[in-house]
Every structure is written in C-alpha cells, then in structure tokens.
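Here the structure is a predicted model, which is why all the values come from computation and not from measurement.
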Amino acid sequence: MITHHIKQFVSRVASPLAHSLPISGELSWRNPVLRGGAVLFLILALASCSVDIPQNASQSDSLPHITPDYSSTVIPPNIAPLNFQILDEADAYVTRIFGEQGDDIIVEGKEVQIAVDKWHSLLNANRGGTLQVDVFLKRSDAWMQCQTLSMEVAEEDIDEWISYRLIEPSYVDYEQISINQRNLTNFDEQVIYSNQPLSDGDKGQCVNCHNYRNYNRSNEWQMHVRETFGGTVIVQNGKAQKVNLKTDSTRSAGVYPAWHPTENLIAYSVNSTGQVFHTRDPQKIEVIDFGSDLVLYDIDRNRVFTVSALADEYESFPAWSPDGSTLYYTSAHYVQKSDNIDAELDSAYESLKYNICKRRFNPKTMQFTVADTVFNARQMGKSASLPRISPNGKYLLFGLADYGNFHIWHKSSDLWVMNLETDSIYALKEANSEETESYHTWSSNGRWIIYSSRRDDGNYTRPYICYFDKNGTAHKPFVLPQKSTKFYQQLFKSFNVPEFMVQPVTISRRQLLKTVRGEAHPVSFAGSASDSSSSSSQLSIPEIKNQIRY
C-alpha cells in the first residue's frame, strides 16, 4: 500500500524528474539529477514493499504460537528487537507491533524480524507502558486475527553488555571454548578469548570463570586457563598478567572468584573437584567437591591469604556485599570417614548439602571474622549455591537444589531470594521452570537478573532474563533475543556463566593470547586472614521455619 503522503510526494517529483534526466553527461552521484532519481527510486521501492493490515479479518479465540515466547513478559526499554517465528501454519502472515505512542511496526512473513531503529523508537515512546502484538494468518484466501499478545516495557534500562562462555554440553571435550561478549541493545557479538589458537591435539586448555570488578566499569576483570598454559589472567589498566595462585600452603589455584568492590583484592574458593557419571539417572553427571577452602589474593602485593581452611567445612562460591564489608559463600559440613575421600563421596555425594555463610571483613587489618550462617538450607533438606547480593544490598539471590553445589547439572535447581532486611526467604516462581536454573547474576541497577536455564530442552543452557521489581517479585523471563529466529535451534552450544557489564572488554585477543602463552608468575603465601578472636559465633544456625514462603 502506498500511503497518501507518499502518493502526494511522488506526484510532485515524478514528472519533473522524468523530463530532466540527462541524455549524456557525467554519470556521477554528484549529479543532482541522478541524486533525485535515486531518491525517487528508493521511495518507490519502499512504497511497493509496504504491507497492508488485513481488513475484515475474522477474530480467533486463540493466541498465536510463537517462538521464542515473549508474551506477558516485562522487557527493558533498551533491549534488542525481540524477533520471533510464528509456528501456526498459514498461507501468509502479517504482524503488527504497536503501543499507545509511536509508529506501528508491520512485518510480513512467518519470520518476524524487526528493524533495530524502528524497534528502539517504539520502545522509547512506550517506556513504562505496554507493547501489543497482533498476528494475522491467511488461510484459503481468508484472514484471521489471533488474540493480542502483550509485553510490558519497564522504566529501567538493562546493562548494555553481557559476557558468557560458549561450550558444548559435554564432559571431557573442551577444545572449542570461547568467552564472548554481546551488546544487549542490538545483535553485535565479539569473542573476548578463544582457546582454539593455543590448543594442539590433546594439549588443549579450558578457559573459564570470567569475572569483573564492579560490572567492568574500570575494565578490570579476570579469567582462568586450565591444563596447557594454565594460570589466572588478570586484566588491569589495559594490561594483562598471568599468575599461578597455587602455593604449597593452599589446596589449589584459585577457582571461583569475587572481586572486592573497592580494594584491589579477589576472594577465591580453592576446590578439589571431580566427576561421577550416572548410569541410570537422567541428570547424567555429578560434579563433586572433594574438598574446598577460601583464600584472598592481594593483587598489589602478589600474596595469598587463607580465609577458611577448616577440614570438615567445604567452602565455595564467594561473593562480596556491595560495600565490601562482608564476604558471603556456601559451606557444607562433612566429616570424612575413610582414607579415600574420592571413593567415599562417589556414593555419598547426596549427603553434601550447602548452607550460605558470611564473614565480616576489615580491609585495614586484612582480617575476617569467623563464620555465621545466613541461610540454613540443610534444615530444609536442600542445598544452596552461588549467593549473589543485589546492588542495593537488600536481597540475597541463590540457587537451591536437593543436594550438592554444582546445580547446573541438577533438575531440582531453582532460583530463590532472601530479603536481608526481613530475613524472609522465597522462591522466584515466575523465573523458575521444571528444568535447571543456575549461574545467576544481578544487573548493576538491581532490576534485571540473567541466568542459565535448561528449560528449552533439558540439555542446553540458554541465557534467560527476568525483571525483578521494587517489591522483590520476579516476572516471566525471556530468552536472550537473537537476530535469527532459528538461532537456538541451530547452535549446538551452551551459554555458561552470563555476567552483566556496563561496557565491553577492550583488551585485544592478541594481547590475551600473548599473556596466556607466557609464564605464570608465582604468588607468595601470607598466612591466615581469619580473626580467631572475633566474638562472632562459629557457624551459628538461625531458625528459619517461619521465614520461608513457598
């Protein structure tokens, strides 16, 4: 359909241009007549490609079937277009996306791919409002309009960048792993680091545990390299260095990291992990901690302290409070009963149930208090993992499953929250599914949560985003939007450890490869950072029975 305004413009310019086109002369864009002709050509082309909204369509009593499913979600006002595929069979398709303000977006075809500029214009016009989607299906020369889908547009933006690890969901093969970053406002994706250039046959490497200081505001981050060229790569001031965090006095090199928000310190758990393969359980694999401790790395002085190295406590997954005054982590109490802990836990892995603990920290003395239990998951017959504190310090987000600490393999794993002001504990029902939810983190404004979910097929983890409102309620999540509507059907990789960033990583892959190829600098051991004189009660157990909402 050619609109009235286009018709008027064409009628004004078509006749003069037709008579003024040159028979000879310079055929150049500098020629004003040719410029005018090109403009006319583009106008006519665009006009001929415009789409009519079907008139007199009958009304269906059913919603359209689309994938990904974006209906009834709350979306950021700066998110990339939510392209989708219509699954209903028809001879022709027309989709109209509209709000109370702004210009409608009309797309023809089964694959609904939306222009980025038009999408952002519509989102901005309806910030804090609602977008609606009408899908028209043509069958046997008759049009039918499906019930209208809707999406709420939040007031609050989402951080512009995320990063994640792409990896096949296998158990022994890590020859093709990369850490990538993605702009959430469009579809731009870049590789931060890939292990392939330095992998040679069975001399491969596993890259993992990318982690940022303050959402990468100052371009400070770290990642681990395992196996060949092993070490921890730390990036600061545009430069990268590789260190070996293993000492004779610590269990292992650093594993799960947490940057201190104000001091040049990183807390790590040091873990001795292994894999057990199930023969009948559909969960396939169990990753087990056979022992784990906490350490603190002082970057400026290149030294490591132990925070906790209790033989009967398995500590992991540290996370700082936003002000850096408190270190949260998970801890399971287990008393070894034999000389072979590996064989013992191969069959007793379900007895490992982790609570969430905390230690207060004094950066002036570099000392931690002894541990207090924040959430006693074991009392519920459950096990907690990955504590994450919201940017305003009010909410503790964590995973909860039947047992263990590596919940990415556990179908029972769901997202839960503890309100640290009221001590109330509740599941994020809208965010959870029948499959695994894991590896969660907050946006820098605390209004968005991104996490890995296996809800699509039970095998591959995909990044899902949900809105967390000011009342502490999670809303229906949506999968990370992609340009191709068939992207997740065609990519045979899992998204692992999604992390929000306010700006992208800028150091070059060439520089990272050079650093990884070089030697890892050893660190020195500086003793214990645990203050045994603290009055805090060691692993005190709070009463939680009346605080849990299901």
Just do the ring pair (Phe, Tyr, Trp, His ring centres under 6.0 Å) check on Phe368 and Phe305 with the steps written out, would you? CA-CA 11 Å; Phe368 290 86; Phe305 300 84; 9.1 Å; no
Ignoring hydrogens and geometry, is there a side-chain-to-backbone donor-acceptor pair from Thr515 to Gln241 under 3.5 Å? no
Residues which pass side-chain contact (heavy atoms from CB on, under 4.5 Å) with Val116, listed by chain and number, not counting sequence neighbours: Pro81, His120, Phe187
Determine the sole option in Phe361, Trp259, Tyr329, Tyr328 for which the ring-ring contact (aromatic ring centres under 6.0 Å, His included) test with Trp320 is passed. Phe361
Give a yes or no on whether Asp248 atom CG has more than 12 heavy-atom contacts from other residues, nucleotides or ligands under 6.0 Å away. no
Donor-acceptor contact below 3.5 Å, side chain His224 vs main chain Gly254: yes
Output yes when a side-chain donor or acceptor of Lys493 lies under 3.5 Å from a complementary backbone atom of Gln176, and no otherwise. yes
Applying salt bridge (charged side-chain N to carboxylate O under 4.0 Å, His left out) to Lys382 and not counting sequence neighbours gives Asp402
Looking only at side-chain N and O atoms, does Ser433 offer a donor or acceptor that is under 3.5 Å from a partner on Glu435? no
Exam field: side chain Ser390 to backbone Tyr395, donor-acceptor pair closer than 3.5 Å: yes
Gln482-Asn83 side chain donor-acceptor pair, cut-off 3.5 Å: no
Which residues share a side-chain contact (heavy atoms from CB on, under 4.5 Å) with Asp300, sequence neighbours left out: Asn264, Asp298
Return the set of residues passing ring pair (Phe, Tyr, Trp, His ring centres under 6.0 Å) with Phe495 (not counting sequence neighbours), or none when no residue passes. Tyr164
Min side-chain heavy-atom separation His260-Ile299 under 4.5 Å: no
Distance col, row Ile234:CD1 vs Arg213:CZ, nearest 0.5 angstrom, shows 11.5 Å
What pairs with Tyr256 under ring pair (Phe, Tyr, Trp, His ring centres under 6.0 Å), at least two apart in sequence or on another chain? Phe317
Answer yes if the ring centres of Trp448 and Phe500 are under 6.0 angstrom apart, and no otherwise. no
Beyond-backbone contact of Arg165 with Cys206, side-chain heavy atoms, under 4.5 angstrom: yes
If you define the side chain from C-beta out and look only at heavy atoms, does anything of Leu480 sit under 4.5 Å from Ile162? yes
Gap separating the OG atom of Ser331 from the CG atom of Asn355, nearest 0.5 angstrom: 7.5 Å
Mind checking what makes ring pair (Phe, Tyr, Trp, His ring centres under 6.0 Å) contact with Phe84, not counting sequence neighbours? none
Under a 3.5 Å threshold, yes or no: a donor from one side chain and an acceptor from the other, between Ser443 and Asn445? yes
Looking at residues at least two apart in the chain, or sitting in another chain, which of them share a side-chain contact (heavy atoms from CB on, under 4.5 Å) with Ser71? Asp69, Leu149, Lys476
Taking every heavy atom of Pro318 against every heavy atom of Ala258, the minimum-distance pair comes out as O-CB, 3.4 Å
Looking at every heavy atom in both Pro76 and Leu123, which two are closest together, and how far apart are they? O-CD1, 3.9 Å
What are the two closest non-hydrogen atoms of Arg217 and Ser444, and how far apart are they? NH2-CB, 3.6 Å
Stepwise side-chain hydrogen bond (donor to acceptor under 3.5 Å, both in side chains) test for Ser453 and Glu437: CA-CA 5 Å; Ser453 177; Glu437 328 295 340; 2.8 Å; yes
In terms of side-chain heavy atoms, does Asn496 have a donor or acceptor partner in Ser494 at a distance below 3.5 Å? no
Report the C-alpha distance between Thr73 and His475 in whole Å, list the side-chain angles of each, state the deciding distance to 0.1 Å, and finish with yes or no for side chain to side chain contact (heavy atoms under 4.5 Å, CB included). CA-CA 7 Å; Thr73 55; His475 294 253; over 6 Å; no
Partners of His521 by side chain to side chain donor-acceptor pair (under 3.5 Å), sequence neighbours excluded? none
Verify the distance criterion only: is there a donor paired with an acceptor across the side chains of Glu315 and Ser292 at less than 3.5 Å? no
Name the orientation class of the two ring planes belonging to Tyr268 and Tyr297 (parallel below 30°, tilted from 30 to 60°, perpendicular beyond 60°). tilted
Identify the heavy atoms of Asp289 and Leu345 that sit nearest to each other, and give their distance. O-CD1, 3.6 Å
May I ask you to decide if Ser316's main-chain N or O and Thr330's side chain share a donor-acceptor pair within less than 3.5 Å? yes
Which residues satisfy the ring pair (Phe, Tyr, Trp, His ring centres under 6.0 Å) test with His410, sequence neighbours excluded? Tyr403, His407
Are a donor atom and an acceptor atom from the side chains of Asp456 and Tyr464 found within less than 3.5 Å of each other? yes
Is there a side-chain contact between Asn208 and Ile167 in this structure, where contact means two heavy atoms from C-beta onward sitting under 4.5 Å apart? no
Please check if any side-chain donor atom of Asp293 sits under 3.5 Å from a side-chain acceptor atom of Tyr314, or the reverse. no
Roughly how far, to the nearest 0.5 Å, is CD1 of Ile192 from CD1 of Ile507? 11.0 Å
Gly518 backbone acceptor or donor facing Lys242 side chain under 3.5 Å: yes
Ignoring hydrogens and angles, tell me if any N or O in the side chain of Ser199 forms a donor-acceptor pair with the backbone of Asn195 under 3.5 Å. yes
Please report the interatomic distance CZ(Arg455) to CD(Glu434), rounded to the nearest 0.5 Å. 10.0 Å
For Val497, which residues count as a side-chain contact (heavy atoms from CB on, under 4.5 Å) partner, sequence neighbours excluded? His210, Tyr439, Glu499
CG (Leu491) and CD (Glu168) are apart, to the nearest 0.5 Å, by 9.0 Å
Let me confirm one number: the CD-CD distance from Gln503 to Gln181, rounded to the nearest 0.5 Å. 10.0 Å
More than 12 heavy atoms of other groups within 6.0 Å of Lys483 NZ: no
Contact between Leu420 and Ile389 at the side-chain level, heavy atoms closer than 4.5 Å - yes or no? yes
Non-neighbouring partners of Arg388 that pass salt bridge (charged side-chain N to carboxylate O under 4.0 Å, His left out), sequence neighbours left out: none
List in chain and number order the residues that pass salt bridge (charged side-chain N to carboxylate O under 4.0 Å, His left out) with Glu156, two or more places apart in sequence or in another chain; answer none if no residue qualifies. Arg447
